[in-house]
Peer 1: 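What follows is a single structure, and I will ask about it in a moment.
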Protein chains: 2
Amino acid sequence: MNITIKEVALKAGVSQSTVSLVLNNKQSIKKSTREKVLQVINELDYHPQRSARNLASQRTGNIGFIISDEHFTRAEPFYTRIFLGSEFEARHLDYYLLLTSVSKNFSRKELPRFLKEGNIDGIIAAGSMNDKWLYEMAGMKIPIVLIDYFPPRLKWSCVLIDNAEGGRDAVNYLLALGHEKIGFIGGSFTHPSIKERHRGFTLALEEAGVNHNPEWVITDETETRVIDGYYATKKLLAAKDRPTALFAANDAMATGALKAAREAGLEIPDDISVIGFDNIDVTKYTNPPLTTMNVRMEEMGAFAIKMIFDRIYQKKSVQEKILVPVDLVTRESCRRLSPAPQR
Amino acid sequence: MNITIKEVALKAGVSQSTVSLVLNNKQSIKKSTREKVLQVINELDYHPQRSARNLASQRTGNIGFIISDEHFTRAEPFYTRIFLGSEFEARHLDYYLLLTSVSKNFSRKELPRFLKEGNIDGIIAAGSMNDKWLYEMAGMKIPIVLIDYFPPRLKWSCVLIDNAEGGRDAVNYLLALGHEKIGFIGGSFTHPSIKERHRGFTLALEEAGVNHNPEWVITDETETRVIDGYYATKKLLAAKDRPTALFAANDAMATGALKAAREAGLEIPDDISVIGFDNIDVTKYTNPPLTTMNVRMEEMGAFAIKMIFDRIYQKKSVQEKILVPVDLVTRESCRRLSPAPQR
DNA sequence: CTGTAAGAATATTTGTAAATATAATCGGGG
DNA sequence: CCCCGATTATATTTACAAATATTCTTACAG
């Protein structure tokens, strides 16, 4: 049998409630008493039993973490790293994370167990998912925070990548290197992230007063994989007037771009500079290593936990929308353009 | 407030205990009573509250799932898919999975919370991890099942890939295609999986009575990444007498092998056949698509749950060692050798 | 009259919450 | 300068939380 609060109380010569109060940092307890209790807790290596705590306090101590299974098993560990960030933060706040994936095509009755059983105090949902889902969950009054997704109509708190600003920074970097003829490749605008990144691209060019050639924007691939970047770049390089730099909407496409450029006989970064977005692992190993925009995944996960926590305890019901900044990571795929083009 | 067992009992006109008995399929309950109760449960959409259940039954309803963080954030979602298989199975058995990663260099006192708090009924640990860890956990008498790892000295249940048999099958396939000059590339033998796969390789050749050239076995790379496969294959192809087929210890290395072979001016599979191991996602998209050995990851995860479950309930303490079979996936990187070599 | 099936009543699990109790401190009147 | 009620600080008692586990009762079969 395990050690219970009773035994701690007995050994410390106080009542059970006192031990409980110490455990939960509540009310006023004399410093000496608190220390005595803590010492006994330590000696006995006592850990309060979760189920009893939860039953009494009518809280669960759990947060549900939902990912679409598609995202979860994707090659790039994007959402797993977000989860890791959340898990780490949850530890500090003494919460457990229950991870579940949901399938894209979900049927009405297959809500995650923890929702049906009321076994969580809040939900974090990462990545795009079936909206039916979300509307369903909206019905259960439980705090929800979304990560990297922002559905129409629902006013929920969410943690988003500052894609527009990141796109702007990427292009500003290229501009600072002297490039003015800058191309963009990205899948279709149905991906909200892509759309935002492109918006940043346009914004930076406008701000710099640089004319940009519509032929240099290729967005007719539907996906955003390596292969799509490859084909998009092929199209781009077919233009008579070639850009000197290329902003790819993500690193996968940038990787494809490197290949296409090399096949076209271009050296990188000598003949064309390439910048990506995401800072996925392989960018360190591409040839040349890819300059890109780093997305702080662990931080996003941690942020979501903090938000959920606030919602659970302070009952703050304000909707927050956090934009997590993106940082430039310079490697070797971009070069300064010289002689500087006349302006 | 939620619906409780009390309300179900009231509405069904029975006692709380009866409802509990129905819920847990215990003792003798008349069929008509059981049905009545189940009907009411359904009507009220009642779900027993986890914390109360756990407190009363002194079980936690949780299983801890541990992965080294390194493995977890690895590009290839190998262990995430195993987790998914476990999670799915756990749902059926009404268990929750608590996922935590541990760092490779772990310090004595940073055991996962759920262990310290005694908040799990069993542990699944996936992938290789610091042995200090495992010895530490061995001290806490809690059922443990390992996946894809088998530490020295400890007699624990585990779910392993049948690497030797898979290697044997791979080579047998090549033999069946008429190849006799077969090469092997794989990182160092410090990886137990690699060692086993190589053992299968040797075994198949011996069984077939085929002589094999030691020059065709390259195992001096320390890692097993794409780049290592690339270099290993370069070495291999430098041999005077080149093999006609190549067994790579995993798909990453096989991918590197494809590249190295093409650079050496060889067509695949016309000039050399290549077979990999793991059936990771990208093998579908390589050029040509890679023939490989499929590892049933989800199944491995599910198996581990079943084993833990048995240990928890039947207190079976026998040590089991499950070898999950591996299946050949034929794509386009191997061809029949003709004319068949004389034997 | 006894044994068992079927179900009810009661005890138990381990904590937190709320209501009380007790000790310590304080300001002002005697 | 001490005593007294009020106030605050500190700690205890009592009452749950919602299930399962255990014991007890009843009715009926043999």
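Atom set for the values below is all heavy atoms of this structure, side chains included, hydrogens, waters and symmetry mates excluded. Per chain, numbering begins at 1; letters A, B, ... match sequence-line order.
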Peer 1: Tell me the salt bridge (charged side-chain N to carboxylate O under 4.0 Å, His left out) pairs involving residues 46-59 of chain B, sequence neighbours left out?
Peer 2: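 Sorted result for residues 46-59 of chain B: A:Glu117-B:Arg50, B:Arg50-B:Asp94, B:Arg53-B:Asp94.
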Peer 1: Between B:Arg50 (CZ) and C:dG15 (P), how many Å, whole number?
Peer 2: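 Going from CZ in B:Arg50 over to P in C:dG15 covers 19 Å.
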Peer 1: Based on the rotation axes of five pairs at each end, what angle does the helix from C:dC1-D:dG30 to C:dG30-D:dC1 bend through, to 10°?
Peer 2: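 Result, rounded to 10 degrees: 50°.
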Peer 1: Tell me: CD1 of B:Ile5 to C1' of D:dA21, nearest whole Å?
Peer 2: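 Going from B:Ile5 (CD1) to D:dA21 (C1'), I get 12 Å.
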Peer 1: Among pairs that include at least one residue of residues 297-306 of chain A, which meet salt bridge (charged side-chain N to carboxylate O under 4.0 Å, His left out), considering only residues two or more places apart or in two chains?
Peer 2: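 Output for this query lists A:Arg81-A:Glu298, A:Arg296-A:Glu299.
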Peer 1: Could you list the residues that satisfy side-chain hydrogen bond (donor to acceptor under 3.5 Å, both in side chains) with B:Asn163, not counting sequence neighbours?
Peer 2: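 Once residues adjacent in sequence are excluded, the partners of B:Asn163 under the side-chain hydrogen bond (donor to acceptor under 3.5 Å, both in side chains) criterion are B:Arg197.
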Peer 1: In whole angstrom, what separates B:His47's NE2 from D:dA18's P?
Peer 2: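 After rounding, the gap between these two atoms is 16 Å.
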Peer 1: Looking at A:Tyr46, does any N or O in its side chain come under 4.0 Å of the phosphate oxygens OP1/OP2 on C:dG15?
Peer 2: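 Answer yes for this pair, as a side-chain N or O of A:Tyr46 is under 4.0 Å from OP1 or OP2.
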Peer 1: Return the value, rounded to whole Å, for the distance between atom CD of B:Glu117 and atom P of C:dT14.
Peer 2: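 Roughly 16 Å, once rounded to whole Å.
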Peer 1: Where the side chain of B:Ser86 meets the backbone of B:Gly301, is there a donor-acceptor pair that is under 3.5 Å apart?
Peer 2: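 It does hold such a pair.
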Peer 1: Which residues pass the ring pair (Phe, Tyr, Trp, His ring centres under 6.0 Å) test with A:His92, not counting sequence neighbours?
Peer 2: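 So A:His92 forms a ring pair (Phe, Tyr, Trp, His ring centres under 6.0 Å) with A:Phe88.
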Peer 1: B:Phe72: what forms a ring pair (Phe, Tyr, Trp, His ring centres under 6.0 Å) with it, not counting sequence neighbours?
Peer 2: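 Per chain and number, B:Phe72 pairs via ring pair (Phe, Tyr, Trp, His ring centres under 6.0 Å) with no residue.
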Peer 1: So which protein N/O to nucleotides 25-30 of chain D N/O distances come out below 3.5 Å?
Peer 2:
none

Peer 1: Salt bridge between B:Glu87 and B:Arg91, side-chain N to carboxylate O under 4.0 Å?
Peer 2: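 Yes, this pair counts.
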Peer 1: Taking distance alone, no hydrogens or angles, what donor-acceptor pairs closer than 3.5 Å link side-chain atoms of residues 29-42 of chain A to residues at least two apart or in another chain?
Peer 2:
{"from": "A:Arg34", "atom 1": "NH2", "to": "A:Asn25", "atom 2": "OD1", "distance (Å)": "3.0"}
{"from": "A:Gln39", "atom 1": "NE2", "to": "A:Glu43", "atom 2": "OE2", "distance (Å)": "2.7"}

Peer 1: With the side chain of A:Arg53 defined as its heavy atoms from C-beta on, choose the nearest nucleotide among C:dT14, D:dT20, C:dG15.
Peer 2: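 From the listed options, C:dG15 comes nearest.
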Peer 1: Please name all residues satisfying side-chain hydrogen bond (donor to acceptor under 3.5 Å, both in side chains) with A:Thr60, sequence neighbours left out, ordered by chain then number.
Peer 2: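 Listed in chain order: A:Asp121.
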Peer 1: Regarding A:Asn24, tell me which of base, sugar-phosphate or nothing describes its non-hydrogen contacts under 4.0 Å with the strands shown.
Peer 2: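 A:Asn24: backbone/sugar contact only, no base atoms under 4.0 Å.
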Peer 1: Nearest whole angstrom, please: distance from the C1' of C:dG15 to the CG of A:Asn54.
Peer 2: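 My rounded result for the distance is 10 Å.
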Peer 1: State which residues pass side-chain hydrogen bond (donor to acceptor under 3.5 Å, both in side chains) with B:Tyr149; sequence neighbours excluded, sorted by chain then number.
Peer 2: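 B:Tyr149 satisfies side-chain hydrogen bond (donor to acceptor under 3.5 Å, both in side chains) with B:Asp131 only.
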Peer 1: In B/S/- notation, 5' to 3', how is nucleotides 8-15 of chain D contacted by protein heavy atoms closer than 4.0 Å?
Peer 2: -SBBBB--
Peer 1: Take atom CG of B:Leu10 and atom P of C:dA8, then tell me their distance rounded to the nearest Å.
Peer 2: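 Interatomic distance, CG of B:Leu10 to P of C:dA8: 12 Å.
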Peer 1: Any side-chain N or O of A:Gln58 under 4.0 Å from OP1/OP2 of D:dA18?
Peer 2: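 It does, given that an N or O in the side chain of A:Gln58 lies less than 4.0 Å from OP1 or OP2 of D:dA18.
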Peer 1: How would you list all residue pairs meeting ring pair (Phe, Tyr, Trp, His ring centres under 6.0 Å) that involve residues 38-69 of chain A, not counting sequence neighbours?
Peer 2: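 Non-adjacent pairs meeting ring pair (Phe, Tyr, Trp, His ring centres under 6.0 Å): A:Phe65-A:Phe83.
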Peer 1: Round to the nearest Å and state the distance from A:Arg59 atom CZ to C:dG15 atom C1'.
Peer 2: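 Taking CZ of A:Arg59 and C1' of C:dG15, I get 12 Å after rounding.
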Peer 1: A:Lys26 near the nucleic acid: base, sugar-phosphate alone, or nothing, with a heavy-atom cut-off under 4.0 Å?
Peer 2: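 Sugar-phosphate, no base atom in range.
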Peer 1: Is any side-chain heavy atom of A:Ser193 less than 4.5 Å from a side-chain heavy atom of A:Asp148?
Peer 2: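 A:Ser193 vs A:Asp148: side chains touch.
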Peer 1: Could you state the CG-P distance from B:Leu55 to D:dA19, rounded to the nearest angstrom?
Peer 2: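 B:Leu55 atom CG is separated from D:dA19 atom P by 12 Å.
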